[in-house]
There are 2 protein chains.
Amino acid sequence: MTASINDVARAAGVSASTVSRALRGRPGVSDEVRDQIAAVAAQLGYTASRSASSLASGRTYTIGVLVPYVGRWFFGTVLDSAEKVFSAAGYDVLLYNLGSPETRKRFFTKLPVRKRVDAVLTLLIPDEEESAALRSLGVPLATTVGGIRPGFTVVGIDDRAGTESAVRHLVNLGHRRIGMISGASGPLHWTTPIERRNAYLDVLADAGIEHDPALEADGDYTVEGGERAMTELLAASRPPTAVFAQSDEMAMGALRALRRHRLKAPDDVSVVGFDDHELADVVGLTTVAQPVAEQGAEAARLLLRQLDEPDAEPPGHVQMPIRLVLRETTAPPRPRGPQ
Amino acid sequence: MTASINDVARAAGVSASTVSRALRGRPGVSDEVRDQIAAVAAQLGYTASRSASSLASGRTYTIGVLVPYVGRWFFGTVLDSAEKVFSAAGYDVLLYNLGSPETRKRFFTKLPVRKRVDAVLTLLIPDEEESAALRSLGVPLATTVGGIRPGFTVVGIDDRAGTESAVRHLVNLGHRRIGMISGASGPLHWTTPIERRNAYLDVLADAGIEHDPALEADGDYTVEGGERAMTELLAASRPPTAVFAQSDEMAMGALRALRRHRLKAPDDVSVVGFDDHELADVVGLTTVAQPVAEQGAEAARLLLRQLDEPDAEPPGHVQMPIRLVLRETTAPPRPRGPQ
DNA sequence: CTGTTAGCGCCTTCAC
DNA sequence: GTGAAGGCGCTAACAG
């Protein structure tokens, strides 16, 4: 099999403890012995067994990352950037794709990360019980989604401000019938759709526009859902002239629905998204840009810092900037013909 | 700290080995004792330490997955589906995001997965040396990319047939100046761009069309690269009337370039992609569809089967079906005005 | 069917 | 600066 620490020790003519110390850069080894051991180890292709060392030390050098759906652009991007930060620091990433309720439930009851990770980054929003389960792990916790939660470092954006800028943009263009495609069907503890909805309602009220419940539809944060939602809105007795979608993927679904109805944005309906998806530019989608990759990287960095300085008080909340990106799916409403 | 196997053994009035056997469903434990142990374990919130059990058994119940870029749709989707198969079978996934050359090199020299995983699924194409390093792990290996390689189970598609259907479609529409956006700048051992290029050349030759090197550009398999490549092609003295992009993301970049030049597909230039990206439908992109998620799931299943039946001969190659999906970015070339 | 005995490979005192 | 023990928590072979 592969070389063990004893093989290296024997070949280098020292004890296993010295090899251990030398390879991990701990003090108490003379430089020449250290170099010699490094050479021997390299030559034998020795790498310490993570199982054995974590069993002995209690440290795993592994971070658990919880994701609802890896294939979705937002999560893939956050995961990508977070992984880079972790691996650069010598940590491995254990990935848990917890999209389905069953998988999720099993994860939180069995908690397979117990004794297996030094920290957890969750991209899904745990409810009270799940949060407690994670806290019971006794390791640093971080997230890039949802509101402030005790025991978690959350790196997020100002959902309210982002939504306001999007909806105000539509109001300023002269729209009065402004629909919203939201992702309300998610778990209740996911505050994002709620915050965005409140901001939407506030802007409408502020502009003196009466809210019409028929102008809201659930898009489930997916392209297909967005398409369904838009179709629903178009079927209303008085359809919207503009739509704010709570995510770019839903906005793209909305655009697809428009195409299917032989309608165009912005000529027939204006559409604004949220995220600044990698492909938003391709379809010319006006959207609220948020620094997705940076959020993942920042959350990862904050987690590593907590690992380095266990005594320092971790930041409870970090807010990243957002900005409205104007493209081609928004325009003033078309003057209405005689009704 | 958390409960250990001995705590459970003591509380249940049995030995640790019995607990171990009972909880893992091994034979040799009476039903009543098994139930009792399960109850005690649940009550104590006991989960076996993976480090300890893998150290003792040599089995890790962990799969290493190597990805060039998690944020890219193709890889995210494969990873997503593979992870689901693995986790359903009780395996954890260790993710390695090996996009940059340095990360990649470090991974293959240190091989941190040694003694840490039971199998490896790689979504990046290892060169000869890297393949050897992976084989030295002594675990089952699989991939969803690249050509047949000894020691690997590869789940792929018929790149040649896919490309042919795309380029033939353009020929049949009447195009004669057909450009290609490829991803040739990748590592040399990546055969995909080469295979697709050969198929492209063959179809042209077959149709009696002379190949013009000025009609090929490198798009690096990214949206930005596709945009650059298209811009390049448009600057040619005699630009193409149709373009085959080796991936949907490059095709979308090409569409973006067209928009920037105030040109439209298919009116000015026809565009075909490859993949059937989740959003290809949104932009109406004609493309060669491949079952991306299914490839990940199938590769994962084949890996698990090898773990279950170590003696069975693993399949060297599995081919999944492709099909051309006609949408709105392709049409006959516009009749040329007097020149 | 169940308990006892040895390790798995490494890290961590504690001596020297 | 270095080596010798002991143990991390679990599983595997062997008894009974």
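Chain identifiers are assigned alphabetically (A, B, ...) following the order of the sequence lines, protein sequences preceding nucleic acid strands; residue numbering begins at 1 within each chain.
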Seminar exercise, completed: the helix from dC1(C)-dG16(D) to dC16(C)-dG1(D): angle between terminal helix axes, five bp per end, to the nearest 10 degrees, reads 30°

For this session: Mind calculating the distance between CG (Asp7(B)) and P (dG9(D)) to the nearest angstrom?
Result: 9 Å

Problem set entry | CZ on Arg116(A) to OG on Ser54(B), rounded to 0.5 Å | 7.0 Å

Exercise. Around Arg24(B), counting heavy atoms of other residues, nucleotides and ligands shown, do more than 12 lie under 6.0 Å from its CZ?
Worked result: yes

For this session: Return the value, rounded to whole Å, for the distance between atom CD1 of Ile5(B) and atom P of dT4(C).
Result: 14 Å

Exercise. Is the side chain of Gln319(B) donor-acceptor paired with the backbone N or O of Gly156(B) at a distance under 3.5 Å, no angle test?
Worked result: no

Exercise. Of the nucleotides dC10(D), dG9(C), dT11(D), which has the atom closest to the Ser57(B) side chain?
Worked result: dT11(D)

Exercise. Under 3.5 Å, side chain of Arg104(A) to main-chain N/O of Leu98(A), donor-acceptor pair present?
Worked result: no

Exercise. What pairs with Tyr61(A) under ring-ring contact (aromatic ring centres under 6.0 Å, His included), at least two apart in sequence or on another chain?
Worked result: Tyr91(A)

For this session: Say whether Ser20(A) and Ser17(A), considering side chains only, have a donor N or O and an acceptor N or O under 3.5 Å apart.
Result: no

For this session: Mind running a 4.0 Å heavy-atom check of residues 87-95 of chain B against DNA chain C and sending the residues that fall below it, in number order?
Result: none

Exercise. Has the side chain of Asp35(B) got a donor or acceptor atom that lies under 3.5 Å from a matching backbone atom of Glu32(B)?
Worked result: no

Exercise. Is there a residue in residues 23-45 of chain B whose heavy atoms reach under 4.0 Å of DNA chain C, and which residues are they?
Worked result: Gly28(B), Val29(B), Ser30(B), Val33(B)

For this session: Kindly compute the distance separating CG (Asn97(B)) from CZ (Phe107(B)), expressed to the nearest 0.5 Å.
Result: 11.5 Å

For this session: Please list, by residue number, the residues of residues 10-21 of chain B whose heavy atoms come closer than 4.0 Å to an atom of DNA chain D; answer none if no residue qualifies.
Result: Ser17(B), Ser20(B), Arg21(B)

Exercise. Does CZ belonging to Arg59(B) count more than 12 external heavy atoms closer than 6.0 Å?
Worked result: yes

Problem set entry | Distance, rounded to the nearest Å, where Tyr61(B) contributes OH and dT11(D) contributes C1' | 12 Å

For this session: Look at the side chain of Asp92(A) and the backbone N and O of Thr62(A), then say whether any donor-acceptor pair between them is shorter than 3.5 Å.
Result: no

For this session: Just grab all the side-chain hydrogen bond (donor to acceptor under 3.5 Å, both in side chains) pairs involving residues 133-151 of chain A, residues at least two apart or on different chains.
Result: none

For this session: Measure the distance from CG on Leu55(B) to P on dC8(D) and round it to the nearest whole Å.
Result: 13 Å

Exercise. Would Lys105(B) and Glu102(B) pass as an ion pair if we require N to O under 4.0 Å?
Worked result: no

Exercise. Is Asp308(A) salt-bridged to Arg305(A), going by a charged N under 4.0 Å from an acidic O?
Worked result: no

